[in-house]
Every structure is written in C-alpha cells, then in structure tokens.
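So that the names make sense, note that chain A is the first sequence line, chain B the second, and so on, each numbered from 1. These numbers come from the heavy atoms of this one structure, side chains and all, not from hydrogens, waters or symmetry mates.
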4 protein chains.
Amino acid sequence: MPRPKTGDKRAAILRAATETIAEDGVGASTASIAKAAAVAEGSLFRYFPDKDKLLNELYVELKLDVRHAMIAGFPVAGSLRKRVQHIWNAYVTWGMESPAKRKAMVQLAVSERITGQSRQEGQGGFEDATGAMQQLITQGKLSGLPLSFASDLLLAMAETTMTSMATNPAKAERYRTTGFEAFWSAAAKK
Amino acid sequence: MPRPKTGDKRAAILRAATETIAEDGVGASTASIAKAAAVAEGSLFRYFPDKDKLLNELYVELKLDVRHAMIAGFPVAGSLRKRVQHIWNAYVTWGMESPAKRKAMVQLAVSERITGQSRQEGQGGFEDATGAMQQLITQGKLSGLPLSFASDLLLAMAETTMTSMATNPAKAERYRTTGFEAFWSAAAKK
Amino acid sequence: MPRPKTGDKRAAILRAATETIAEDGVGASTASIAKAAAVAEGSLFRYFPDKDKLLNELYVELKLDVRHAMIAGFPVAGSLRKRVQHIWNAYVTWGMESPAKRKAMVQLAVSERITGQSRQEGQGGFEDATGAMQQLITQGKLSGLPLSFASDLLLAMAETTMTSMATNPAKAERYRTTGFEAFWSAAAKK
Amino acid sequence: MPRPKTGDKRAAILRAATETIAEDGVGASTASIAKAAAVAEGSLFRYFPDKDKLLNELYVELKLDVRHAMIAGFPVAGSLRKRVQHIWNAYVTWGMESPAKRKAMVQLAVSERITGQSRQEGQGGFEDATGAMQQLITQGKLSGLPLSFASDLLLAMAETTMTSMATNPAKAERYRTTGFEAFWSAAAKK
DNA sequence: GATGAATGAGGCTTCATTCAT
DNA sequence: GATGAATGAAGCCTCATTCAT
C-alpha cells in the first residue's frame, strides 16, 4: 500500500482555501492556496479536479459547517422564539468565531462560479431549523412569502449585525441581542 | 454647450463595466469591458489609470446613482415613516429597474479591491436620507446602534426582498410592501 | 491607427512552427515556437486562438504551398505522362528544397490534432493535377480505385524516394527518376 | 513452467501502450497507459526506466511482431513473386487485423523519440524476407537502389492500400490484390 | 514487488498594461 | 487623442517520475 491519500491534506487545502479566499476573494490563485496549505501546487489537483470544483466543494463544506454549529443544543421542544433565537445565536457565534469562514462564504455566495447544484446542496440538511423557519413564516408577518425569504433575511440581518459586532467588539453582545430582536420584530406575529 | 466627447466615452466605459461585471464578476477583463463599450482596449486606460481605479470609480458612481434615485420626490416634510418608505421604495425601484447596476454593486461591495476610501466616499452625500435614518435609530428599536447599522440593514433587507421579487415577478409588488413592513417593524419604535 | 498586425509576424510564426515541429514533432511547445519566431509567447495567441488552430492552419498552409509548387509550369496540354511527371517532380523538388516543410507535413499528417475539416481543405484546389490523377486512374491499372488512392500512393512513393535522396544526395537525381518510373509502372496502363 | 508474473505485467503495459498511443499519439500520458494496463502508475517504471525507453521498446516489439507474422508459412522455395506476395499479404493482414498496432507503429515511426539504434534493431531479423527483397531489387526495375528503398516502398504502398481497405471494407480484398500488383509492377523486372 | 500519493517543472493560455502609429 | 498590436508575468493545469508504505 502506498502513502494513503490523507483526509488531512484535503482538509488542509480546504482550510487554506478558506483563509486565502477570505483575504483575496475568489480570484485567489491556486498557487497561493497550495502554498498556504503547505502543499505542492500539483497536489491540490489530486484532491480537486479543477479550481471550480474546489470552490464549489468549499462552498458546500462551509454550509455544512454552519449547519453543524446549529445542531448542537438545538431546543427541539422549545418555543418558536427559543428555536429561532438558537438559530440566530448559533449563526452569529459561528460567524464571529470563524471570521475567515464567514468572509469566504460571502465571497463564494456572490460568485458566478458556484453552480446552482451546489447552492441546492448547500440548502437542505437541517430539518429542525427549516421547520422552525417554516413555522415562523406561516404564523408571522411574512405569511405568504417563500421559505427562502425568511432564511435569507435572517442571514442578511445576521451579516449586518456581525459587521457591527466586528467594528465595535465591546458592544458585541448588545448588538447580537438587538439584532435578533430586530429580526424577530420583522418576522414574528404581531 | 454639449458635453465633451471625452465624457461620453468615459461614461460608455463605466456603463459597459457595469454590465460586464454584473455578468462575470470583478474578474471581468479590461478587454471585455472595452469591447462592450465599443472602445479600443488601450482607450480604457486613458480614462482610468488602471483597473483598480476603474473598479473604485465605478463603485462610487453607482452609489451616487442610487442616491440620485432617492432624491427625486423625497418627502422632506413628510412623516418619518413616509420618508423611510421613500428611501426603501426608491432603492428597490432602482435595483429592479437596473439589475445590472445592482448586481455589479453587489460584486464590487464584497471585492477586496474596493478601498476604504471609496467606501467612505460612497456613504455620504444625501443628507435628507441620512437624517431620516438617524432619526429612525434615535427614536426606534435600534437606539444606541451606529447609523451604518440601520442603513446596512435596510440595504440587506431590500436586497433579500429584490431577490424574491426577481424570482417571482407576479408577486413583486406584494414583496416590496411586505419587505418594507418587515424593515419598519425591525427598526421603528414599538 | 496603431501598429498594424503585420502579416509578416503571422508568417514568421508559421515559419518558426514549421521548423520547430519538423525537429520536435507536434509536441513542440508554443514557447519554443514563439522563441524561434522571435516573438513573445503571448503574441502567438493573437494570431492563433490556440495551439490546435495553429497546427491546423499550418497544415492547410503547407498543403497550399505544395500546390503552388505544382502550378508553376504545369503542362496543361501535355501528355498524361508529362503531366503526372510534372506533379511528381514538383512534389519531390518541393520536398527536397524545403526539408523542414516536408518533415513538418509528415508530423502534422499523422497527428490526431488535425481535424477532418482541415484535411478536407488541404485536398482541393489544384484541379489540373486532380484531373491528371483522375485520368491516370481511369485509364490505368488502378481503375476502380478511389482518387485518393492514387494521390496517396504518389505521396507515399515520393516520400520513400526522398528519404533515399536525402541519405545519398549524390544519387539524388537517379532516385528521383527511378522513383517516378516505379510510380508510373505501378499506376499507368499496361 | 508458467511464464513469470513479471512478464505478464510487462506485456500488459506494452499492449496498453499500443492501444493508447494508437488513439492519442506519442503524447499519451504514462498514467493513461498504466490505467489501460490495469497497473499502478508507478509500476510502469519498474518495467521501463522512463517513457522514452517504453516507446523505443514498443517500437522494436511491434517490428518484431510484424516479422513473426511474415515467418508463418513463408514459401522459402517459392518463386520470387510468391515470396514477395507472401510478405505483402502477411503485412497487410497483420495491419488489418491489428489496427491499433498499425496506428501505433505509424506514430512511433515518425516520432523524434525513437532512436536510430531502435530503428536499426527494428530492421534486421527475418533473413528470408530480406533475401527476397534483395533479389527483387537486383533483378528488377529498382536495380541500383538500396535495399531499404524496396522495403520502405512496400511498407508505404501497403500503408496506402490499408487506408483504402479500412475506408471501404467491402472492397478490401480487391484493394489488397490491386495494391500488390501495383507494387509488383513498380519493382519487378520489365 | 507493488502501489498510488506527492511533487514541481513545464505547458497552454489570459490579461493588464504599454507604446508605435 | 485614439487605436489595437505587442508583451511577459502570472494563472490554471498536466505529467513524468519518485518514494513512503
């Protein structure tokens, strides 16, 4: 058996790509990514057939990562507010603890190189959260709007919130709370 | 006194850049932009010293364009709600009528090539609108948060709204209204 | 008016490609071709969109070149033998005077990168010669065989002849004559 | 006494190389050859020190293969015509039954990577055939020309014949016969 | 011995920018 | 001023070869 293809190396490339793309955008060169991963440029192409595939897999991976962050401690039996707040907090925490992941995600999300297929794959997966958002729509002010509207709105508002949190870390906690209240007011009944 | 020919060509390049960047992202080549502008490749560099300068000037220009759209018919003496709603409507209308401008703006806004200086320049300018947003913050739920939070929030929510409008044009009007109500609920007092 | 795209440069690239391919085969790098043409590598791609196009255009060009060599002094009203001999002589002379062109042609002819379209284009053009070959078939030993058989046979036999001529230049003239007689015996009546 | 496993693998690589080179030319990657041979990429280099050696050994091997095909049933005591016709038929049959071998041979024959040494080795070996060709030259129209001229000519004419046979299989037999008659007319006395 | 992961040199191509006309 | 041909650095990707397992 030859040297086995270590999952480690693939992960290292993905991690390096995250950081490099966060910094330089989707235009970051494969060379710079490989270097950041401490891997030869040729090696990168053993794990990803081409740059587009790398970009798309990273996108899906990051979406998966967010979802993981939301699953831990999800209050399945809690009130709607509790559940939505968990989603909000989990997302904001994830974003603040992994600024590179968050920035890379933003870059990838607006890139023409991410396929519809990948965006599809990025959506599904965490049914408890989806269910909560669905319920929020049905019972709230956004009644009649598509599910994606609510989730996109949460993402957008959380993004705005995080920008302020990053600018003024001292008031971060305050922003996180106010941001959620704003979202809740925007979406919940009454 | 006709505008000098020079101005026309510069404008043509900016217009072409808007469309090309909307389609291909910030990575669009200067050659493709020049071609879309029906201008020689080299001519582009007579109006913009380099690509970065073009990108930054386009960004500022687009921001200016949005502001222009907001000025027309601004209800200076109207209620706070009226004034904020005018901002919302003007922005959404601008975005829906100029999808290329909107898409280009999104691409530029997340690009690492847009300098802080340009972002600065892009902010200021329309005092009536700024005043309304300021008042909204002071008197509303977002009290204590920076001005930029409110405006960024409006932009983000409008962006989400426009995505839904574009996806389902039949319900566009409904989305625009619901979107505003959501924003108003999020930001206004009580 | 900017520097006009000189036909000279295109020709220089084609000439350089001929020599480089003659020496290194179709695998010759675009860099080596550009260098041989005393042109920047990027310039090569202003004249040919990609390497395949360069290869194919060179192929057609060389075929055209052969045909030109055959046209000069073609004895339109001569006997069949005279006309076929002219073709033979013109081809062999061309090959011996332009060894690089001949070698490059051989390389291109067997390459998978030359399209059927190019091979098509390479065929037609010199009707007097085609007519003579057609007549040779109809009236000779190869009656019933396709036209291409006769021309391919001539090419193949001439190629063999030239190899011997090159190996032993002292007897070149003798080889050329004997080669033709062999071809004539192979194809002509009786 | 079974052939050592080693020999099998070596043969598999050569067989795979034949097919791959027939299809993709000499530029076929060692990886693709290894894959076609169902062998690990690295294993190829246990049997051939480098790609050039593989190419050269394959060339010699294929030449040997042709010769084998000619030996079977060679009419040692037959007339000159019988013997030459056997050579012709054996070669054409070999080429038509093993199109990949034939195509690979063509590619290798024109490649700059095949050394003079290999070409040398490829020549000799089947004395009965060489003798017949020698006699054909001495007694025929090609008198005074080198031995290689006659054999190259046969090869070239057979190649042309096979091209036509492949294009129009229905008339294959007719082409094979006519081709031989053409060759015989070209080379034999009177 | 066999394997295939790892490598980096080198290949093709794009592109921002310069400059002769 | 305008043009677009020319350039070469840099980008993406392939590939022969090595070597740890």
Side-chain angles (χ1 to χ4, degrees), chain A residues 1-10 13 27-35 37-55, chain B residues 4-6 9 27-35 38-55, chain C residues 1-10 13 27-35 37-55, chain D residues 4-6 9 27-35 38-55:
Chain A
M1 203 187 354
R3 241 168 313 168
K5 187 146 56 171
T6 65
D8 285 6
K9 199 152 284 188
R10 191 192 134 92
I13 293 172
S29 73
T30 51
S32 67
I33 294 172
K35 191 173 178 192
V39 156
E41 194 171 1
S43 300
L44 188 151
F45 293 96
R46 281 201 147 262
Y47 290 87
F48 305 93
D50 56 29
K51 195 183 172 183
D52 273 9
K53 205 72 183 27
L54 166 60
L55 258 23
Chain B
K5 210 177 173 209
T6 283
K9 204 156 275 188
S29 74
T30 53
S32 69
I33 294 172
K35 190 175 178 191
V39 152
E41 280 181 50
S43 298
L44 188 151
F45 293 92
R46 297 204 143 279
Y47 294 90
F48 305 93
D50 57 27
K51 193 183 176 185
D52 273 10
K53 205 73 183 28
L54 165 61
L55 257 26
Chain C
M1 202 187 355
R3 241 168 313 170
K5 186 145 56 172
T6 66
D8 285 6
K9 199 152 285 189
R10 192 192 133 91
I13 294 171
S29 73
T30 52
S32 67
I33 294 171
K35 192 174 178 189
V39 157
E41 195 172 359
S43 299
L44 189 152
F45 292 95
R46 279 201 149 262
Y47 290 87
F48 305 93
D50 56 28
K51 194 184 173 183
D52 273 9
K53 205 74 184 24
L54 165 60
L55 258 23
Chain D
K5 209 179 174 207
T6 285
K9 204 156 276 189
S29 73
T30 52
S32 68
I33 294 171
K35 190 174 178 191
V39 151
E41 280 180 52
S43 299
L44 188 151
F45 293 92
R46 297 204 143 278
Y47 294 91
F48 305 93
D50 56 28
K51 193 182 176 185
D52 274 9
K53 204 73 184 28
L54 165 60
L55 258 23

Item checked: Heavy-atom closest pair, residues B:Ser32 and B:Ser29 -> OG-O, 2.7 Å
Margin query: Measure CG/B:Asp52 against C1'/E:dT17 and give the value in whole Å, please.
Written below: 13 Å
Next item on the list: Quick one: list whatever passes salt bridge (charged side-chain N to carboxylate O under 4.0 Å, His left out) with D:Asp52, sequence neighbours left out.
Entry: D:Arg113
Can you name the atoms? Protein N/O to nucleotides 8-12 of chain E N/O, anything below 3.5 Å, with the distance.
| residue | atom | partner | partner atom | Å |
| --- | --- | --- | --- | --- |
| E:dC12 | OP1 | C:Lys51 | NZ | 2.7 |
| E:dC12 | OP2 | C:Thr30 | N | 2.6 |
| E:dC12 | OP2 | C:Thr30 | OG1 | 2.9 |

Check: When the distance from CG of A:Leu55 to P of F:dG11 is rounded to whole Å, what number comes out?
Finding: 15 Å
Notebook entry, point to check: What is the distance, rounded to the nearest whole Å, between atom CD1 of B:Ile33 and atom P of E:dT14?
Noted result: 17 Å
Notebook entry, point to check: Between D:Leu44 (CG) and F:dA16 (C1'), how many Å, whole number?
Noted result: 10 Å
Check: Looking at A:Arg10 and A:Phe48, what are the two nearest heavy atoms and their distance?
Finding: NH1-CE2, 3.5 Å
Checklist line | Residues in salt bridge (charged side-chain N to carboxylate O under 4.0 Å, His left out) contact with C:Glu41, at least two apart in sequence or another chain | finding: none
Next item on the list: Mind checking the CD1-CG spacing from A:Ile13 to A:Asp8? Nearest 0.5 Å is all I need.
Entry: 11.0 Å
Check: Rounded to whole angstroms, how far apart are NZ on D:Lys35 and P on F:dC15?
Finding: 13 Å
Check: Nearest 0.5 Å, what's the OH-CG distance between D:Tyr47 and D:Leu54?
Finding: 13.5 Å
Note to self: E:dA6, OP1 or OP2 - any side-chain N/O from A:Tyr47 closer than 4.0 Å?
What the structure shows: yes
Margin query: Is there a side-chain contact between A:Arg46 and the phosphate of E:dA5, meaning an N or O under 4.0 Å from OP1 or OP2?
Written below: yes
Item checked: Closest heavy-atom pair and its distance - A:Val39, A:Leu44 -> CG1-N, 4.1 Å
Notebook entry, point to check: Just how far, in rounded Å, is P of F:dG11 from CG of A:Leu54?
Noted result: 15 Å
Checklist line | For DNA chain E, the dot-bracket pattern of Watson-Crick and G-U pairs whose distances stay under 3.5 Å, | for other-strand partners | finding: .||||||||||||||||||||
Note to self: Between P on F:dT18 and CZ on D:Phe48, what's the gap in Å once rounded to a whole number?
What the structure shows: 16 Å
Check: By salt bridge (charged side-chain N to carboxylate O under 4.0 Å, His left out), which residues pair with B:Lys53, not counting sequence neighbours?
Finding: B:Glu57
Next item on the list: Report yes if a side-chain nitrogen or oxygen of A:Lys9 is closer than 4.0 Å to either non-bridging phosphate oxygen (OP1 or OP2) of E:dA6; otherwise report no.
Entry: yes
Checklist line | Which residues share a side-chain hydrogen bond (donor to acceptor under 3.5 Å, both in side chains) with A:Ser43, sequence neighbours left out | finding: none
